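Below: the structure, in structure tokens.
Predicted model, so just to flag it, every value in this text is computed and none were measured.
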Amino acid sequence: MKEEALRKLLEDMSLEEKVYQLVQYQGANYAEDAALTGALEQDHITRRGLELAGSTLCIWGADKLRKIQDACMAVQPHHIPMLFMLDVIHGHRTAFPCPLGLAATFSPEVVEEGAAVAARESAADGIHVTFAPMADLCRDARWGRCMESSGEDPFLNGQMAAAMVRGFQGADLHSPEHIAACVKHFAGYGAAEAGRDYQNVELSEHTLREYYLTGYQAAIDAGAKMVMSAYHTYNGIPCTGNRWLLKDILREELGFDGLLISDYRSVGEMVPHGYCEDYAQAAKAAMEAGVDVDMEGRSYAGNLQKLVEGGFIPMERVDEAVWRVLKLKNDLGLFEDPYHGASEERSRQVQLCPDHRAAARKAAAASAVLLKNEGILPLQPGKIAFIGPYARHQDLRSAWSFSARAEDCVSLEEGAKASPELAGWQLRFASGCTMLDNHTRLAIGGYESSSFEEENQALLREAEEAARWADAVVLCLGEHRLQSGEAASRVSLHLPEIQQKLLYGVLAWNPNTAVLVFSGRPLVLEKESRAKALLACWLPGSEGGPGIVDVLTGKVCPGGKLPMSFPRQEGQLPMSYSSYSTGRPASLTPETDYASRYLDCGNDPLYPFGYGLSYTDFTLTPVCLSSREMRKGETITAWTELTNTGEVTGTEVVQLYLQDLAGSRVRPVKALKGFRKISLAPGETARVEFAITEEMLRFYTGENQWASEPGWFRVMLGTDSRVTEGPCFLLKE
């Protein structure tokens with residue numbers, strides 16, 4: 001529809017129609033065979049509201065959504081189509097690794113491909129918008145939703161968020177291959193106090209701007225059509241009602257001009273926050289702050305029309321919000337094709353098709369991070385025992401795989417038995433123990449509470465027999481998929497005690513053991529690191545079994561890198577490699593007790609950001625600079641030579657870190673500014689170059705400006721964040 005016609009449509013709509021375009025209802029209120037026979041008159045929900053609602057969420061299926069669309073458009077006075085939204089976080093029917101695992105690939109290309117697959121499958125099933133990417137920077141592994149993040153680094157976070165937007169949206173949203181992306185949660189949700197979901201966030205404006213806004217900015221610059229406000233409070237004001245955050249920062253400074261939606265019921269939740277007295281006041285606060293759509297609209301549905309009629313909300317503000325809704329629908333081509341190409345036939349063709357499974361398998365292998373290896377990996381021919389709850393466990397999805405199914409996942413056992421590389425080998429599989437201890441609390445579904453003692457005794461005996469029989473053991477441990485995700489904050493990041501008991505037993509029965517850890521977050525792995533090898537597998541998705549087997553056999557040489565530091569103990573959290581120094585850093589004051597250190601633990605993580613081993617070895621030459629001086633508008637080049645000194649082809653991620661030696665605000669000890677993923681054959685050398693621009697040197701200065709300052713900068717090139725050496729250059733006026 002042309003813009004002129006769209007404007008005419010807006011002008012012709014009644015106030016009631018306009019209000020309900022800004023209301024989003026749960027899909028459960030719409031029956032499968034017709035749109036308006038679900039749960040009616042429930043709280044804020046009326047038949048009229050369901051007839052006029054602008055969007056719905058959490059339902060999918062081409063035939064189902066086509067019927068709902070037809071029924072709604074038939075009774076809508078202007079036959080305006082609905083928007084169907086869903087959390088398609090890292091795959092629809094074909095699940096890719098959880099986003100934190102995808103970030104471990106250090107490959108925007110892999111992330112973009114995964115998002116494109118998810119868009120293709122979900123669009124065929126009737127979905128128009130996904131609530132992804134999550135661009136929340138996360139430095140506290142206690143927060144369950146770090147599995148949905150790209151980790152602790154602003155630069156990597158922005159790269160991955162932008163890649164997801166490109167993959168979801170493509171070059172043309174009219175295409176039935178693509179869907180709209182919604183960036184969340186604005187802003188700073190990853191810094192929730194004590195890592196507890198929905199909790200207050202305490203960030204200085206400087207920290208918010210320099211570290212946390214960059215990921216959202218990258219996604220917005222990539223063209224994201226939607227942004228979601230966050231649950232928490234910032235500066236004592238809920239984000240959903242925070243005019244400074246949503247108008248001054250998001251709209252004016254970050255330049256976002258798309259549709260702004262609340263998080264689930266977060267408009268109404270300003271009442272229990274103690275910010276608003278009732279839903280009417282909450283609706284007014286959210287509208288004034290710039291929230292266009294009320295997700296699960298308890299507040300807008302019953303109050304917004306009265307607020308406009310009473311003169312408390314200007315019609316211009318409502319028109320502004322409705323225009324954004326109509327424009328997104330038009331961008332998706334819904335006025336010409338309200339189904340956006342969705343059909344059961346098309347869905348059958350794309351869901352879990354061979355190409356999509358192949359892409360998911362490649363991503364699972366690329367996401368694996370080798371943390372330790374004393375020569376046991378890749379596996380050598382012989383008797384191999386796969387032991388542990390994840391040896392046979394099929395459900396390799398994360399907590400945010402609503403539309404993927406456990407039965408479509410390929411387990412490690414299935415992947416190993418089907419692997420040509422393992423053909424003719426002697427393989428055994430034993431669970432060893434239950435996944436969880438008795439009475440373990442899960443994010444969804446309450447407690448896991450049945451008597452495991454007798455079952456675990458039998459499983460342990462089976463594991464001992466297999467371990468003593470084997471030449472090598474692959475011990476497959478990890479957290480349950482519902483121990484990470486929303487509402488899954490934890491104070492203990494250790495594996496369940498029953499799995500630790502299995503670990504001790506297996507290491508005693510067969511020291512030739514490689515431990516695989518499946519998780520949605522960094523865990524405390526000091527005990528597990530006693531094994532001869534340690535591999536972080538994340539929650540690897542539908543093709544997790546075959547993908548991880550590809551790494552175990554050497555078909556794929558591991559090349560993943562940690563997007564978040566793995567702590568030695570939970571008491572170190574939150575933590576990040578790009579922290580500030582103190583006046584008394586422990587590294588510079590070994591002669592005194594009065595330094596910034598713990599009494600009972602080191603400051604450094606067990607495994608740092610950017611870390612990951614390979615089956616081959618690499619060397620880097622010292623960093624060279626094209627110049628030791630740079631002026632604004634100029635560029636200098638930093639380079640090194642990377643050589644594969646091992647015996648197999650492998651991939652290394654060369655990482656560029658910069659340090660501003662002094663500034664008007666204290667600067668981090670280092671900050672990632674670029675990376676290159678290089679594959680080399682044995683003996684091969686490649687020159688790896690990085691262009692350093694003045695823009696890369698900017699920060700939120702003491703003058704409250706985003707700018708660079710003259711001075712000295714250190715350039716460091718390495719294979720993880722522990723690198724400290726490098727030449728310096730001078731930025732001149």
When you measure from the side chain of Ser581 to the backbone of Val669, do you find a donor-acceptor pair of N or O atoms at a distance under 3.5 Å? no

Taking the side chain as every heavy atom from C-beta outward, state whether Pro727 and Arg628 have any pair of such atoms under 4.5 Å apart. yes

Taking only residues two or more places apart in sequence or in another chain, which ones pass side-chain hydrogen bond (donor to acceptor under 3.5 Å, both in side chains) with His232? none

Check whether any side-chain heavy atom of Arg568 lies under 4.5 Å from a side-chain heavy atom of Asp604, and answer yes or no. yes

Is any side-chain heavy atom of Phe675 closer than 4.5 Å to one of Pro108? yes

Using the ring of Tyr189 (Phe, Tyr or Trp, six-membered ring only), decide whether Arg145 places NZ or CZ under 6.0 Å from its centre and within 45 degrees of its axis. no

Below 4.0 angstrom, N of the basic side chain to O of the carboxylate: do Arg521 and Glu479 qualify? yes

Thr643 meets the side-chain hydrogen bond (donor to acceptor under 3.5 Å, both in side chains) criterion, sequence neighbours left out, with Thr685

I'd like to check Phe609 versus Phe566 (side-chain heavy atoms, cut-off strictly below 4.5 Å). Are they in contact? no

Would a 4.5 Å heavy-atom cut-off, applied to side chains only, mark Glu486 and Tyr231 as touching? yes

Given the ring of Tyr211, does Arg139 sit roughly above its face, with NZ or CZ under 6.0 Å from the centre of the six-membered ring and within 45° of the axis? yes

Could you check whether atom CZ of Arg631 has more than 12 heavy atoms from other residues, nucleotides or ligands sitting under 6.0 Å from it? no

Taking the six-membered ring where the residue is Trp, are the ring centres of Tyr657 and Tyr577 under 6.0 Å apart? yes

Sub-3.5 Å donor-acceptor pair from the side chain of His90 to the main-chain atoms of Pro97, do we have one? yes

